[in-house]
Amino acid sequence: MEKITLNFQKRLQQHSNHLVILSAILIVLGYLGKYGVNQIWIWNSTMIIASIIGFIPVAIHAYQAVKVKQISIDLLVSIAVIGALFIGEYEESAIVTFLFAFGGFLEKKTLEKTRSSIKELTNMAPSTALSADGEEMDIDEVEIGDKLLVKTGRQIPVDGRIYQGSGYVNEASITGESREIRKEAGTKVFAGSILENGTIYVEAEKVGEDTTFGKIIELVEEAQDTKSPAEKFIDRFAKYYTPTVLVIAAITWVFSHNLELAITILVLGCPGALVIGAPVSNVAGIGNGAKRGVLIKGGDVMNTFSHIDTLLFDKTGTLTKGNTEVVVVKNYGASKELIDAVASAENESDHPLATAVVRMIGKFNPIKFEKTDVVKGQGIIADDLLIGNEKMMVVNHITISPEQKQDITEITDSGASVVLVAADNRLQLIYGIADEIRSGVKESLEELRHEGISRMIMLTGDNETTAKAVAAQLGIDEVRANLMPEEKAEVVKSLKNSGKKIAFIGDGVNDSPSLALANIGIAMGSGTDTAIETSDIVLMKSSFDELVHAYGLSKRTVANMTQNIVIAIVVVLFLLASLILGGTGLVPSFVNMGTGMFVHEASILIVIVNGMRLIRYREK
């Protein structure tokens with residue numbers, strides 16, 4: 001029997017949207033039958049069918065709640081519907097069930113959350129490795145101390161150290177570092193990172209779940225296990241409200257012997273406005289956010305975000321765009337031919353700084369060189385053209401003027417890397433290359449402070465000099481650099497334990513543990529699928545204007561929801577008091593089933609209109 005009930009309930013849930021639509025159509029047909037063609041049988045039959053359609057899922061929920069000794073609002077609605085049908089008030093029973101079902105539909109839509117990030121992380125983990133002699137093996141077969149080969153384009157399968165070879169490794173998914181990093185013998189590498197160029201041989205130091213990537217997965221699992229949604233106010237209220245209304249109706253029937261009055265109390269006691277008030281505010285708020293590129297995953301998220309006082313930021317891909325770009329060019333008389341020569345020489349290199357220069361120059365006329373040398377740790381020499389760092393200039397006796405030295409200092413102090421270009425024995429170009437800060441971030445952070453954010457902290461895997469330079473430009477309070485994913489997560493835990501309400505904003509796989517552990521995780525829409533799925537809020541356009549809007553919107557939505565709850569409770573208490581005390585002379589006796597339903601429906605309309613105001617909200 002239990003299995004049949006569960007299967008039936010599963011089918012109802014699968015078609016819940018269709019049932020709500022069908023119920024609405026039947027009610028409309030009923031009104032058309034009664035007032036359009038004056039056919040009462042159409043009115044009665046459509047209202048009865050609509051009542052039954054809406055009643056069945058509510059009754060099942062009520063039955064399941066009673067089984068675990070909980071008296072829910074579903075039970076109150078079920079008894080009220082049965083009573084209304086019993087005394088022939090088919091309109092009331094149909095509307096009550098429809099409103100209850102529609103409220104459930106809205107709530108379901110607002111509270112759906114995607115939590116498949118663990119599966120996504122697992123799929124991204126390395127599954128195979130190459131032994132040092134090139135033989136492919138399953139990742140589970142790799143043991144500590146094994147020597148492995150990693151070719152260009154492959155994932156590094158373990159945490160370990162390079163004992164032979166060199167190349168450029170992309171660790172953005174692990175550390176958040178914005179540049180591809182040159183790795184050579186003796187340096188450490190991490191599982192899950194990508195060898196973009198070169199060939200390396202690695203000795204395994206950590207394998208499987210003990211790797212940095214494995215720890216990321218473990219931290220996300222732990223965070224999601226402990227991060228349960230807050231209990232809804234309406235459920236807490238129902239623990240006391242539902243039994244109270246049932247008792248009042250029963251006492252009224254016992255002392256007055258007026259069954260219709262008792263059922264009227266049950267019908268009017270159904271908190272229709274309360275059931276729909278919170279979801280309609282959430283739906284309107286979430287709809288407003290979606291229009292402006294902010295995906296907010298549910299009413300709990302909205303409520304929690306409105307109380308946030310501390311923002312934690314990843315740097316790469318969050319405060320910055322996540323791409324190395326030429327941000328400063330100092331030209332000391334370089335010709336178009338020289339710039340073409342620079343592009344031609346840099347185009348032969350796969351170094352991130354070189355590709356940034358080529359990308360900035362754009363179209364160029366290729367130039368062939370008789371001789372090109374790559375000088376380790378310095379740069380490129382193409383015939384008499386020098387492209388590299390200050391060391392290359394010094395070694396080749398290129399004079400740097402005081403003005404040029406000042407320019408170099410200003411660029412490096414800003415956190416950017418410097419590429420110098422010399423020809424004809426003089427310095428002619430300086431390129432400052434950095435991960436560009438997103439436009440409007442500084443202004444947005446100032447607005448967030450005005451809205452109520454008291455503290456801002458940057459957590460990044462990047463080096464401290466670059467991180468502090470970015471933070472200084474943006475007015476961020478504190479910087480913690482050179483952090484691994486588990487260290488970021490520890491900072492989040494520590495701040496939460498100190499009583500702070502934390503929102504973490506990031507974009508990479510390395511941010512997933514922190515996104516999941518924070519009170520609110522916020523992902524940039526340009527980030528990884530894992531970060532987006534683990535987060536509570538997604539900024540689809542990766543704009544901080546969206547963050548400001550989301551924070552202001554959450555505060556207005558929570559206030560709006562509170563207004564709706566107050567309206568709903570006040571109306572229900574007014575109706576019940578008028579019904580019960582109407583015959584005593586203490587209050588006017590004007591509430592009956594008809595006038596009560598009118599006030600009841602009016603209250604629902606009021607909370608809907610109030611909630612819909614949020615659709616027009618826009619942060620000033």
Side-chain angles (χ1 to χ4, degrees), residues 116-223 316-317 322 350-352 461-462 482-489 507-514 516 527-531 533-534:
S116 58
S117 56
I118 295 176
K119 181 180 177 181
E120 292 288 334
L121 279 170
T122 304
N123 290 340
M124 290 175 65
S127 58
T128 61
L130 295 177
S131 63
D133 58 9
E135 183 179 345
E136 188 164 272
M137 57 197 299
D138 191 274
I139 193 67
D140 294 332
E141 298 174 10
V142 179
E143 297 180 354
I144 295 174
D146 284 356
K147 291 180 168 54
L148 306 172
L149 166 64
V150 184
K151 298 179 179 179
T152 297
R154 288 188 67 111
Q155 276 187 311
I156 296 172
V158 297
D159 285 4
R161 290 191 182 276
I162 299 174
Y163 66 88
Q164 184 180 331
S166 63
Y168 288 96
V169 177
N170 182 349
E171 294 182 343
S173 64
I174 305 299
T175 66
E177 177 62 50
S178 56
R179 301 182 180 91
E180 293 168 7
I181 303 169
R182 181 173 174 80
K183 300 279 187 174
E184 43 194 34
T187 57
K188 192 169 183 176
V189 291
F190 301 100
S193 54
I194 307 290
L195 181 63
E196 298 288 358
N197 184 274
T199 300
I200 59 175
Y201 291 84
V202 178
E203 182 175 350
E205 295 180 343
K206 293 180 180 179
V207 299
E209 294 179 355
D210 293 329
T211 64
T212 300
F213 202 93
K215 287 179 180 177
I216 290 175
I217 296 174
E218 183 182 352
L219 285 167
V220 173
E221 288 176 332
E222 177 187 338
T316 305
D350 59 357
H351 194 283
D462 274 4
N482 299 308
L483 298 179
M484 297 300 289
E486 60 267 28
E487 293 173 322
K488 289 185 182 180
D507 78 312
V509 173
N510 60 296
D511 298 323
S512 298
S514 298
T528 65
D529 290 341
T530 302
E533 290 175 359
T534 308

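Remember, predicted model here, so these are calculated numbers, not experimental data. Atoms considered below: every heavy atom in the structure, side chains included; atoms not considered: hydrogens, waters and symmetry mates.
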Q: How long is the straight-line distance from OH of Tyr201 back to OG of Ser166, given to the nearest 0.5 Å?
A: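 Reported value, rounded in 0.5 Å steps: 12.0 Å.
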
Q: Kindly compute the distance separating CG (Asn170) from CD (Glu196), expressed to the nearest 0.5 Å.
A: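 Rounded to the nearest 0.5 Å, the CG-CD separation comes out at 4.5 Å.
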
Q: Mind listing the closest non-hydrogen atom pair of Thr152 and Gly198 along with its distance?
A: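 Shortest heavy-atom contact: OG1-O, 2.6 Å.
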
Q: For Ser131 and Leu149, which heavy atoms make the closest approach, and how far apart are they?
A: O-CB, 3.5 Å

Q: Are Glu143 and Val207 close enough that some pair of their side-chain heavy atoms sits under 4.5 Å apart?
A: no

Q: Report the distance from atom CD of Glu203 to atom NZ of Lys147, rounding to the nearest 0.5 Å.
A: 4.0 Å

Q: Please find the pair of heavy atoms, one from Ile162 and one from Glu184, that lie closest to each other, and give the distance.
A: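 Nearest pair, atom of Ile162 first, then Glu184: CB-O, 3.6 Å.
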
Q: Pick out which of Arg154, Glu135, Met137 makes a side-chain contact (heavy atoms from CB on, under 4.5 Å) with Leu130.
A: Arg154

Q: State, with a plain yes or no, whether a side-chain heavy atom of Ile156 is found less than 4.5 Å away from one of Ile200.
A: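 When only atoms from C-beta onward are counted, Ile200 and Ile156 do touch, with a gap below 4.5 Å.
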
Q: Specify the closest pair of heavy atoms between Val169 and Lys183, including all atoms of both residues, with the distance to one decimal.
A: CG2-CG, 3.5 Å

Q: Closer than 3.5 angstrom, by distance alone: can the side chain of Asn197 be matched with the main-chain N or O of Gly167 as a donor-acceptor pair?
A: no

Q: If we only count heavy atoms from C-beta on, is the Leu148 to Pro157 side-chain gap below 4.5 Å?
A: yes

